[in-house]
Amino acid sequence: MIGGKNVLFTLAFALVPAIASAQQKPTKPAKKPSSMTGMPGMNGMPADSGRRKPGAKPAPAMHDTSSMAMGSMSMPIPMPAGMPMIPGLVGLKPPVGEFLPAKGVDPRTLPLANPTQIARLKDGDTLDLTAMLVRRVINGRAFAMYGYNGQVPGPLIRVLQNATIVVRYHNRIDLPSTVHWHGVRLDNHNDGVPGITQDSVMPGGSFVYHVHFPDAGIYWYHPHVREDIEQAMGLFGNVRVDSPDRDYYSPVNAEQTLVLDDLLINGDTLIPFGKDAPDFALMGRVGNVLLVNGEPRYSLTVKRGAVVRFFVTNVASSRTYNLSFSGAPIKVVAGDVSKFEHEERVPSVVIAPAERYVVEVAFDKPGRYALVNAIQAINHYAGEFAAEVDTLGFVTVGATPAAPSYAKQFATLRSNAKVTQDIDRYRQYFGKAPDKRLTLTVSISGLPLSLPLATVQFMNVDTAYYAPVEWVDGMPDMNWLSTSKQVRWIIRDDATGKENMDIDWHARQGSVIKLRIFNDPKSFHPMQHPIHLHGQRMLVVARDGVRTKNLVWKDTAIIPVGSTVDLLIDASNPGAWMLHCHIAEHLGSGMMTVLRVDPAEAGGR
Amino acid sequence: MLGGWLGRVLLAATVVAAADRAGPFDISLFNTQNAPDAHGQARLVFGQSPFGVAVTADGRASYDVRITAAGLPDPSTLGRYSAYVAWAVSTDLSRWDRLGTVTNGDNTVGRAEVNKFLLVVAAESTATSPHTGPTVLHGTSPSGWLQSFLSHPLFRGIPP
Ligand SMILES: [Cu+2]
């Protein structure tokens, strides 16, 4: 592996021998697998699973030109404005076959995707949920993609807290799939994880999920198979679980669900996915077309002074957002699995993949408020930060005053005594020694690079600094070429040295686990990781030794590079539960483990 | 030409390796001739944020700066000064953000919200005076490692 304090020197040695891979040579066309079940990572574990041996040569580059709209060798990757590809990378391709949905199908023959529709379900109701091929038109260009029930995002399921619904899932896409109910503390066998709680549902197959919703808030569902493809291509939807308490949220003039997503498009072409393994394995696929609710331009019209509650979900593969509304005041109300102890005014909303936040925004002046993602990118050639602002849409505010006015309620920052009382039961554990310590890192071997020495040297020096959070992909060419065949993202158990699925981690139902996660900056490409735990709820009790002042129950927590984060897990729900990075390509490169919560009556370990 | 580039790369690499690459939050402080016995370290800690990562609306990290210092002489020994003050200084010196006073021991000073900055501890007339006094400790934010490579032949023609 590449790591440690000599990273700058070892990297050069790791990359230079890869010159031998000589991917510039023409190669034979890829042999098409007889069925999708032959695709690593398609039926259970990801392509990684520790099979690749250190030093093993990467597979030769394959291209399947039939699925490409342009010349095979020259598929360029969109670069940040003003940045050409790194010298030495031009013309290279990742060493994987290419995949796009609905190969060989004319997108014009597919049903046009609809916007999301609300599915209100009562306790005991049944929903048929079908993953299917759809045609989506983005900026005037039609693409074959996926959708649930023909909708992108999928149906917005609305239920009352403590409801149980039956979902009859039908897989009508061209890949095996499942449905994972993200953040929901449901029965383990409905969790949708192939190889752990069920087998993948093959194309044409079905599966019945019984989904119980014990917690109010905003949740989401998505496949747990090749998320880098399936989720990115449109398989995601929200579940809004309403509290029976009518005063659960403050009164507002309007409510909106915002699903944030991005797509990587070059001109008229979707950049294909790795067929046999995820590409963009280093940073994850960071799109260049930002979407809200599946569309490039979000718009909302409200009256002057309106207070709007937004339920925000980040379903992007890798991008972390920093959202704001042209200076309109923002109040954060709730996170993944609960409300905050105290509402807070915030300058912006930072949301990593898979996280949810509920925020309220007051639009006091007539006119147009841009919804923006404003971040600081890094120009690696110039060695400087560069402010980037993406406009996701607009809120247009009319001159007529909103009635009733909720200005007073908006100005009040509520404290949620019930949340605090619930959390109070766990405070005795905040200071305890960690029960489990995990370190996040990466190992890389055999990147198929043939680089001039000066480029290697540039990259060595450039990697001397990593931002705690990388907001955009500053080197998409380099990132594209990395696949899970070369890159293995690692969750390492400090106590045993075991990694990823080899970690044997048990807890007893009803126990409270203090988990300390350290994101080791001393690796070739450290990056922030949104770590998600299935089926339980957790508190971020401290970051870098500083106690969190305002707590909220979460299922996903961002771990910046170099940070140490203490999580307190309420291990209330028996079963085998994944803990993994929610950057789709990191998950696809092995970054997962399992927490087994043994039923209380079984004694456990 | 490549020789000069290579030399610079190796020098930079050696310096980074020597610093043990402590991570994106650590700053080594170096003393000056004004206080040859002084030494110190700083650490950047994200400010409290409901999102775990504190940033400004335009995406700059918002850090509480912690400084551990030792060997600082009484500021009055350097002239008519009564306090040591930590400053976050933009790399073009156009912006001097006062972080707070520093004494020997652990100090949590103010909040730095600058992408790249010099961390300067200087003796000042008072804790609230503008910066005029002598520097005793200095360091750079970890992002200071980002260097421009635009003068290298490989990157010629790339607009800055
Ligand atoms: Cu990750």
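Just so we're on the same page: letters track the sequence lines, and every chain starts at 1. Quick caveat: nothing in here was measured; it's all calculated off a predicted structure.
- At a threshold of 4.5 Å between non-hydrogen side-chain atoms, the residues B:Phe51 and A:Val349 count as touching.
- A:Ser563 places a side-chain heavy atom less than 4.5 Å from the side chain of B:Phe25.
- Looking only at heavy-atom pairs under 4.5 Å with chain B, the residue among A:Asn373, A:Val469, A:Val346 that has the most is A:Val346.
- Taken to the nearest 0.5 Å, the CG atom of A:Asn322 stands 10.5 Å off from the CZ atom of B:Arg60.
- Contact annotation for A:Ile558: only side-chain heavy atoms (C-beta onward) come within less than 4.5 Å of a heavy atom of chain B.
- Atom-to-atom distance recorded for A:His380:NE2 and B:Leu146:CG is 7.5 Å, nearest 0.5 angstrom.
- Of all heavy-atom pairs spanning A:Trp471 and B:Gly59, the tightest one is NE1-O, 4.1 Å.
- Of the listed residues A:Ala467, A:Pro347, A:Pro468, the one with more heavy-atom pairs under 4.5 angstrom with chain B than any other is A:Pro468.
- A distance of 11.5 Å separates CG in B:Asp64 from CG in A:Asp544, rounded to the nearest 0.5 Å.
- Taking the side chain as every heavy atom from C-beta outward, A:Arg543 and B:Gln48 never approach each other to under 4.5 Å.
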Query - Verdict with supporting geometry, A:Ser348 and B:Val55, side-chain contact (heavy atoms from CB on, under 4.5 Å) - result: CA-CA 8 Å; A:Ser348 58; B:Val55 297; 4.2 Å; yes
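- Annotation: side chain of B:Asp58 is not in contact with side chain of A:Glu388 (no heavy-atom distance under 4.5 Å).
- Proximity to chain B is limited to the side chain of A:Glu344, based on heavy atoms less than 4.5 angstrom apart.
- Note that OG of B:Ser141 and OH of A:Tyr465 are 7.0 Å apart. Values are rounded to the nearest 0.5 Å.
- For B:Ser143, the parts sitting under 4.5 Å from any heavy atom of chain A are the backbone and the side chain alike.
- Ranked by heavy-atom pairs under 4.5 Å with chain A, the list B:Ala57, B:Gly144, B:Ala54, B:Ser49 is led by B:Ala57.
- Residue A:Tyr357 comes nearest to B:Pro50 through the heavy atom pair OH-O, 3.7 Å, listed as atom of the first residue, atom of the second, then distance.
- In this structure, chain B has a heavy atom under 4.5 Å from the side chain of A:Ile378, while its backbone stays farther away.
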